[in-house]
Amino acid sequence: METPISILLGFMIIGAIYSLSARDLLSAVISVGIVGYSLVICFLLLKAPDLAIVQIVVETITLVIMIAVVLDSTRIIRPQKAKGFVYFRYALSLAVIVIFAGVLLYMWSAPDLLQVFGDHTTRMSTAYIENAANATGSANLVTGVLFDFRGYDTLGEATVLFTAVVGVVTILRLKGKK
Amino acid sequence: MIVYLLCFTLFLVGLYGVLTQRNLVKIVIGLSIMEISIFLFFTLIGYIQGAAAPIVVRGQVETQFVDPLPQAMVLTAIVIALATNAMLLSIAIRLYRKYKTFDIREMRSLKG
């Protein structure tokens, strides 16, 4: 199972790099769709059908919103000439490259702390798995955890969602100061 | 193990985008790439080789399930990520209407 997910992840990284370097905003938005929809396939391979369903809906909505934002604008990014401090900019980008390489090297040691991929032992959720079907009456264990054992989490999620919707409506309705 | 490292790499690509891009839409794209790498990382941790999807079927013999706890958390996080992305994009639309550009260098009157 590790090989197909690695291939998909490589695909996602290529799509991400392209979308960050594209000149046209529309192609940037479409290629970030590569990343999102590859994630759906990864979820299916990882035996998480609920996540795949939710992610495909969310990705489509995000894509529609982003395309609506981009089509409303001029789309093309005009490159601007860098003014002054050329050596400073080179030094800064060199420093950023060094820091990123350092972080990546540090992360090479992180998988030693994790369990081997595919060899996970359920510690906390053992009780959930054993009791979910009887205690909650839900055949889907993820739903049982989400709406019963961790119901307050979902309440908080609904609060965040409501707040965000109110925020979006307020921001888009305000009359700007000239 | 290579999947974890590729996941970290995807996170770093998103972080690079957030740090270096001057376009508001590109910054939102970088953030969503970071979010996606975190979702995938959580699901990768919960995966068990040869286990079934966490859905109980009637008359099923005793099998092992994939860990449902990370999946439930990622489900919450996906919806919250959608909400925050929509909010960021609406702020971007407002700024575009005021300044006629997504370029953060040209939004001079935002300077403190």
Side-chain angles (χ1 to χ4, degrees), chain A residues 1-2 5-6 9-10 12-13 16-17 19-20 25 28 32 35-36 39 42-43 46-51 54-55 58 61-62 65-66 69-70 73 77 100 103-104 107 111 114 117-120 122 124-125 128-129 133 139-142 145-146 150 153 157 160-161 164 167-168 171-172 176, chain B residues 1-10 12-14 16-17 19 21 23 25-26 29-30 32-33 36 39-40 43-49 51-56 65-69 71-72 74-76 78-80 82-87 89-94 96-98 102 105:
Chain A
M1 193 49 67
E2 200 165 355
I5 291 174
S6 304
L9 257 168
M12 284 160 85
I13 290 171
I17 290 173
S19 80
L20 288 177
L25 278 181
V32 85
V35 185
L39 183 67
C42 285
F43 281 156
L46 290 168
K47 302 283 168 58
D50 309 275
L51 292 185
V54 171
Q55 175 64 27
V58 161
I61 295 173
T62 314
I65 297 173
M66 278 190 174
V69 169
V70 165
S73 69
I77 299 173
F100 269 50
V103 171
L104 198 61
M107 282 171 170
L114 298 166
F117 175 67
D119 196 25
H120 175 72
T122 54
M124 200 165 160
S125 50
Y128 291 161
I129 293 174
N140 190 334
L141 299 186
V142 176
V145 171
L146 203 64
R150 292 182 171 256
D153 254 11
E157 175 201 339
V160 171
L161 202 62
V168 168
I171 289 168
L172 289 183
Chain B
M1 284 292 105
I2 191 79
V3 277
Y4 291 138
L5 293 172
L6 285 171
C7 222
F8 295 147
T9 316
L10 189 64
L12 283 182
V13 169
Y16 168 80
L19 289 180
Q21 295 297 319
N23 192 297
V25 178
K26 289 278 185 79
I29 286 173
S32 69
I33 290 169
I36 282 172
F39 301 155
L40 188 55
T43 327
L44 285 173
I45 284 180
Y47 182 70
I48 299 171
Q49 191 77 45
I55 295 170
V56 182
F65 290 124
V66 171
D67 198 342
L69 188 55
Q71 293 193 11
V74 170
L75 203 63
T76 311
I78 286 175
V79 178
I80 289 178
L82 170 71
T84 49
N85 275 348
M87 188 136 177
L89 285 170
S90 65
I91 293 173
I93 292 176
R94 288 295 300 186
Y96 183 82
R97 283 192 195 148
K98 188 163 167 58
F102 281 127
R105 283 169 298 186

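Predicted, not measured: the structure shown is a model, and the values here were computed from it. A note on names: the letters A, B, ... follow the listed sequences, proteins ahead of strands, and every chain is numbered from 1.
- Put simply, CD1 on B:I55 and CG on A:D50 are 5.5 Å apart, with the number rounded to the nearest 0.5 Å.
- Considering only heavy-atom pairs separated by less than 4.5 Å from chain B, the leading option among A:G36, A:G10, A:A164 is A:A164.
- Both the backbone and the side chain of B:Y47 come within contact range of chain A, judged by heavy atoms closer than 4.5 Å.
- Looking at A:V32, only its side chain comes within 4.5 Å of chain B, counting heavy atoms on both sides.
- For chain A, the nearby parts of B:I36 are the backbone and the side chain; heavy atoms of each come within less than 4.5 Å.
- The parts of B:Q71 that come within reach of chain A are both its backbone and its side chain, each placing non-hydrogen atoms under 4.5 angstrom from that chain.
- Put simply, of B:P54, B:A53, B:G30, B:A83, the one with the most heavy-atom pairs under 4.5 Å next to chain A is B:P54.
- Inter-residue side-chain proximity for A:V69 and B:F102 is flagged as met; some heavy-atom pair is nearer than 4.5 Å.
- For B:A86, the parts lying near chain A are the backbone and the side chain together; criterion is any non-hydrogen pair under 4.5 Å.
- Counting only distance, with no hydrogens or angles, the side chain of A:K47 and the backbone of B:A52 share no donor-acceptor pair below 3.5 Å.
- Both the backbone and the side chain of A:L46 come within less than 4.5 Å of a heavy atom of chain B.
- Here CD1 of B:I78 is found 5.0 Å from CG of A:L51. Values are rounded to the nearest 0.5 Å.
- Ranked by heavy-atom pairs under 4.5 Å with chain A, the list B:L12, B:N85, B:V66, B:T9 is led by B:L12.
- Atom CG of B:L82 sits about 5.5 Å away from atom CD1 of A:I61, to the nearest 0.5 Å.
- Heavy atoms of A:I129 lying under 4.5 Å from chain B belong exclusively to its side chain.
- Interface remark: B:L10 contributes backbone and side-chain atoms alike to the contact with chain A (heavy atom separation under 4.5 Å).
- Counting heavy-atom pairs under 4.5 Å between each of A:L39, A:V35, A:L104 and chain B puts A:L39 at the top.
- For B:V3, the parts lying under 4.5 angstrom from a heavy atom of chain A are both the backbone and the side chain.
- Top candidate by heavy-atom pairs under 4.5 Å with chain A, chosen from B:I93, B:V25, B:V74, B:L44, is B:L44.
- Nearest heavy-atom pair across A:V145 and B:A72 is CG1-CB, 3.8 Å.
- In this structure, chain B has heavy atoms under 4.5 Å from both the backbone and the side chain of A:F100.
- Taking every heavy atom of both residues into account, A:S6 and B:L6 meet most closely at O-CD1, 3.6 Å.
- The side-chain heavy atoms of B:L75 and A:E157, taken from C-beta on, include no pair separated by under 4.5 Å.
- A pairwise comparison of heavy atoms in A:L20 and B:K26 identifies O-NZ, 3.3 Å as the closest pair.
- Proximity of A:R150 to B:L69: side-chain heavy atoms (C-beta onward) are separated by under 4.5 Å at one or more points.
- Rounding to the nearest 0.5 Å gives a distance of 12.0 Å between CZ of B:R97 and OG of A:S73.
- The distance from the CD1 atom of A:I171 to the CE atom of B:M87 is 4.0 Å, given to the nearest 0.5 Å.
- When all heavy atoms of A:A16 and B:I33 are compared, the closest pair comes out as CB-CD1, 3.6 Å.
- When each of A:I5, A:V103, A:D153, A:V142 is checked for heavy-atom pairs under 4.5 Å with chain B, A:V142 comes out on top.
- Side-chain contact between B:L40 and A:M12 is present, with heavy atoms from C-beta onward closer than 4.5 Å.
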